[in-house]
There are 2 protein chains.
Amino acid sequence: MTDSDGHPEPEQIALGPILAALADPLRRRVIAELARAPDGTERTCASFNLPVTKSTLTHHFKVLRESGLVRQVDRGNSRAACLRRADIEAKLPGLLSLVAADETTGQG
Amino acid sequence: MTDSDGHPEPEQIALGPILAALADPLRRRVIAELARAPDGTERTCASFNLPVTKSTLTHHFKVLRESGLVRQVDRGNSRAACLRRADIEAKLPGLLSLVAADETTGQG
DNA sequence: CACAAGGTACGTATTGCGTCATACCTAAGA
DNA sequence: TCTTAGGTATGACGCAATACGTACCTTGTG
């Protein structure tokens, strides 16, 4: 066990929670933006400009974190979220490409 | 428009409804079994032995049908469901492999 | 210290989803 | 024709998920 601060181990990443997390349009938008960005990109929760309040934002990122899609690291003042690209690609190869290529996930 | 009897055209198949459909464990189990079977396999709704009633079964297959995952064709007495493998693979390549390979989708 | 910014936790309302029961339809067989 | 089997449509119920407001914590800055 490394941190397990709500983050599942790479082997514990399962299809069910991942699909459940990606079923929500807002969460899928977050993953799509992260997937299109270069690997290792760190972004704060608020930087995605989702049309929800702070508490709802926290809820969505908790789902993303507990599903294993993103890792949240403390950056002093705020908390940065970065995509667990390698872990997901190892367990579910090609999934992130599908989300990234989805034109429905409008960023405009 | 061909049939469009609740079946979306191949171009209309979108990631959102597909993921929403696959988020449910019962529906994912159906798709997993169909994906593991040879292409063109036709199965009746009841043949999957899902632990739900008839009406719930109809509901789930409606979601699968309207998302574009399966096509339901009238077979006189009953209605056979078959996986729209080519259509899905064209829009979302690799997705069916992930569902088929998921060991969480226990069939035992 | 005071204050603002970013997140979290708790409680709560509301919506959606899965589930069922019932009633109805169609096709095949006795 | 009657019965049985497989599906569908509708309505209702319960639970989970999304959403919000509020309060609170932490870090950084004035």
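Just so it is clear: chains get the letters A, B, ... in the order the sequence lines come, proteins before strands, and each one is counted from 1. Small disclaimer: the values here were computed from a predicted structure and weren't measured.
- Rounded to whole Å, the distance from CZ on Phe61(A) to P on dT18(D) is 14 Å.
- Base engagement by His59(B) is indicated by at least one non-hydrogen atom pair under 4.0 Å involving a base atom.
- Partners of Arg27(B) by salt bridge (Lys or Arg N to Asp or Glu O under 4.0 Å), not counting sequence neighbours: none found.
- One atom, CZ of Arg43(B), and another, C1' of dG6(D), lie 15 Å apart when rounded to the nearest Å.
- For DNA chain C, the outermost nucleotides in 5' to 3' order that have an atom under 4.0 Å from a heavy atom of chain B are dG18(C) to dA28(C).
- Distance Arg28(A) CZ to dT18(D) P: 12 Å, rounded to the nearest Å.
- Cation-pi contact between Arg43(B) and Phe48(B): present, with separation from the ring centre below 6.0 Å and deviation from the ring axis of at most 45°.
- Leu69(A) pairs with exactly one of Val99(A), Leu22(A), Leu34(A), Ile13(A) by the side chain to side chain contact (heavy atoms under 4.5 Å, CB included) rule, that one being Leu22(A).
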Going 5' to 3' along nucleotides 22-30 of chain D, which nucleotides have protein heavy atoms under 4.0 Å from the base (write B), which only from the sugar-phosphate (write S), and which from neither (write -)?
-----BS--

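- Of the two residues near DNA chain C, Arg79(A) and Pro51(B), the one whose nearest nucleotide lies more 5' is Arg79(A).
- Every residue two or more places apart in sequence or in another chain was checked for a side chain to side chain donor-acceptor pair (under 3.5 Å) with Thr58(A), and none qualifies.
- The side chain of Cys45(B) sits closest to dG7(D) out of dC20(D), dT18(D), dG7(D).
- Of the residues listed (Leu64(A), Ile31(A), Leu95(A)), the one engaging Ile18(A) in a side chain to side chain contact (heavy atoms under 4.5 Å, CB included) is Leu95(A), and it is the only one.
- Legend: residues meeting salt bridge (Lys or Arg N to Asp or Glu O under 4.0 Å) with Arg65(A), ordered by chain and number and at least two apart, are absent.
- Between Asp24(A) atom CG and dA19(D) atom C1' there is a gap of 11 Å when expressed in whole angstrom units.
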As a quick check of understanding, evaluate salt bridge (charged side-chain N to carboxylate O under 4.0 Å, His left out) for Lys91(A) and Glu11(A), giving each step before the final call.
CA-CA 8 Å; Lys91(A) 264 278 187 176; Glu11(A) 324 90 48; over 6 Å; no

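- In this view, Glu89(A) satisfies the salt bridge (Lys or Arg N to Asp or Glu O under 4.0 Å) rule with no residue, not counting sequence neighbours.
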